[in-house]
Amino acid sequence: MLSQAFAIQRLAPMIGAEIKGVDLAESMDEDVFAAVHAALMEHQVIFFRDQRITDDQQVALAKRFGTPLASRKLRTYGDKYDCLSLLENDGSKIAIGSVWHTDNTDYEQPPMGSLLYCEIAPEVGGDTLWASMYAAYEALAPATQAYLETLSAAHDNANVARRYAGHGGVKMDGLSSSAVHPLVHRHPVTGRKALFFNSNYTRSIVGLSDIESKHLMAMLGEHVQRPEFHVRFQWRPGSLAIWDNRCTQHHALDDYNTMRRMRRVQLAGHRPYL
């Protein structure tokens with residue numbers, strides 16, 4: 001049963017909402033979980049403030065949404081769970097995720113989503129932005145939508161390997177996968193179409209010449225950076241973000257020089273389709 005304190009506050013017109021009146025340290029009953037899951041499907045990324053959850057509780061919560069997935073690329077948080085990853089930086093290295101991207105589209109089955117919990121946050125800086133790929137697709141002209149729906153794109157780790165070479169937070173031996181996905185795909189739950197492109201992993205458009213591929217990707221890269229598609233979240237210790245990787249991109253800002261420590265659980269996904 002939903003309590004009177006339960007509330008959903010939209011944070012931006014296209015994407016993002018904060019969920020209030022839920023203590024994630026306690027097990028959610030089915031009514032509360034259904035409301036939280038519905039909010040995620042509608043708003044694409046949801047946020048919780050002032051939570052005090054253990055690694056056990058974070059993994060248990062992740063299992064309500066799907067199957068936790070061990071990261072091939074990030075260091076493990078502790079030795080209890082192989083699905084719990086550590087993202088830690090004191091500003092001395094390039095921040096992981098500091099370009100617009102959808103996680104691990106180099107996989108044949110990219111993750112369906114993630115739960116990211118903040119243990120330590122900078123007093124200033126270190127925000128994360130999310131972009132709605134529903135909104136990005138829907139803002140395109142119908143003729144452009146129709147054309148993109150005929151195309152597929154090749155994804156790999158070339159950009160990631162160059163960017164994070166020598167970075168202690170990334171396992172370079174995990175950067176060997178590649179995949180081909182439709183440039184527009186259909187969300188398996190909502191049925192909505194979303195643009196499935198990101199400048200971090202997408203390497204080329206299949207079947208186009210190099211110059212055609214280059215310019216189409218440049219247009220799409222510029223398009224998804226339109227601020228009306230975005231929500232920006234300022235981290236505090238005890239904040240949790242849950243996002244749907246199938247219809248979003250995100251960008252972790254690299255603008256801080258004090259400690260930022262997070263733990264993340266990814267969820268196994270499916271092969272994108274249209």
Side-chain angles (χ1 to χ4, degrees), residues 44 69-74 85 94 96-114 129-165 167 170-188 192-226 229 243-252 266-274:
Q44 305 147 72
L69 183 71
S71 175
R72 305 176 207 167
K73 301 177 184 180
L74 298 179
S85 299
I94 298 171
I96 294 173
S98 55
V99 293
W100 280 108
H101 67 288
T102 299
D103 285 331
N104 303 138
T105 59
D106 57 304
Y107 295 177
E108 292 287 343
Q109 298 182 340
M112 65 155 283
S114 289
L129 293 88
W130 279 264
S132 170
M133 294 300 97
Y134 291 149
Y137 169 79
E138 292 163 3
L140 294 167
T144 303
Q145 292 176 347
Y147 177 54
L148 296 182
E149 288 178 16
T150 69
L151 299 174
S152 295
H155 300 247
D156 66 25
N157 278 291
N159 286 337
V160 178
R162 281 194 296 269
R163 185 172 179 81
Y164 297 109
H167 192 297
V170 176
K171 296 184 289 188
M172 302 306 290
D173 58 354
L175 302 181
S176 60
S177 51
S178 62
V180 174
H181 300 303
L183 201 52
V184 176
H185 80 136
R186 188 178 298 275
H187 194 285
R192 295 175 68 182
K193 294 178 181 179
L195 186 63
F196 204 66
F197 159 90
N198 71 94
S199 58
N200 203 35
Y201 288 107
T202 309
R203 295 294 295 149
S204 64
I205 309 300
V206 176
L208 300 189
S209 68
D210 288 346
I211 193 166
E212 289 173 314
S213 178
K214 174 184 174 182
H215 286 282
L216 180 55
M217 290 196 300
M219 182 277 284
L220 293 175
E222 181 177 353
H223 177 67
V224 302
Q225 294 184 48
R226 289 172 55 178
F229 303 155
W243 68 91
D244 191 329
N245 198 56
R246 300 166 292 191
C247 55
T248 63
Q249 291 190 33
H250 56 284
H251 180 178
Q266 279 190 327
L267 300 171
H270 72 288
R271 189 177 182 89
Y273 63 90
L274 181 58

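What's counted below: heavy atoms across the whole structure, side chains too, no hydrogens, waters or symmetry copies.
When the salt bridge (Lys or Arg N to Asp or Glu O under 4.0 Å) test is applied to Arg186, no partner is found at least two apart in sequence or on another chain. Judged as a ring-ring contact (aromatic ring centres under 6.0 Å, His included), and not counting sequence neighbours, the contacts of His155 are His181. Contacts of Ala268 classified as side chain to side chain contact (heavy atoms under 4.5 Å, CB included), with partners at least two apart in sequence or in another chain: Thr67, Leu69. Residues satisfying the ring-ring contact (aromatic ring centres under 6.0 Å, His included) criterion with His187, sequence neighbours excluded, are absent altogether. Taking Ser204 as the reference, nothing meets the side chain to side chain donor-acceptor pair (under 3.5 Å) condition, with sequence neighbours excluded. Under the side chain to side chain donor-acceptor pair (under 3.5 Å) criterion, Asn104 pairs with Tyr201, Gln266, sequence neighbours left out. Judged as a side chain to side chain contact (heavy atoms under 4.5 Å, CB included), and not counting sequence neighbours, the contacts of Ala158 are Asp156, Arg162, Arg203. For Glu108, the side chain to side chain contact (heavy atoms under 4.5 Å, CB included) test picks out Ala179, Arg271, with sequence neighbours left out. Asp103 is linked by a side chain to side chain donor-acceptor pair (under 3.5 Å) to His101, His250, counting only residues two or more places apart in sequence or in another chain. Among residues two or more places apart in sequence or in another chain, the ring-ring contact (aromatic ring centres under 6.0 Å, His included) test is passed with His215 by none.
Screening residues 207-226 for salt bridge (Lys or Arg N to Asp or Glu O under 4.0 Å), with sequence neighbours left out, gives Arg226-Glu228. Identified under the salt bridge (Lys or Arg N to Asp or Glu O under 4.0 Å) test for residues 134-155, with sequence neighbours left out: Glu138-Arg192, Glu149-Lys193.
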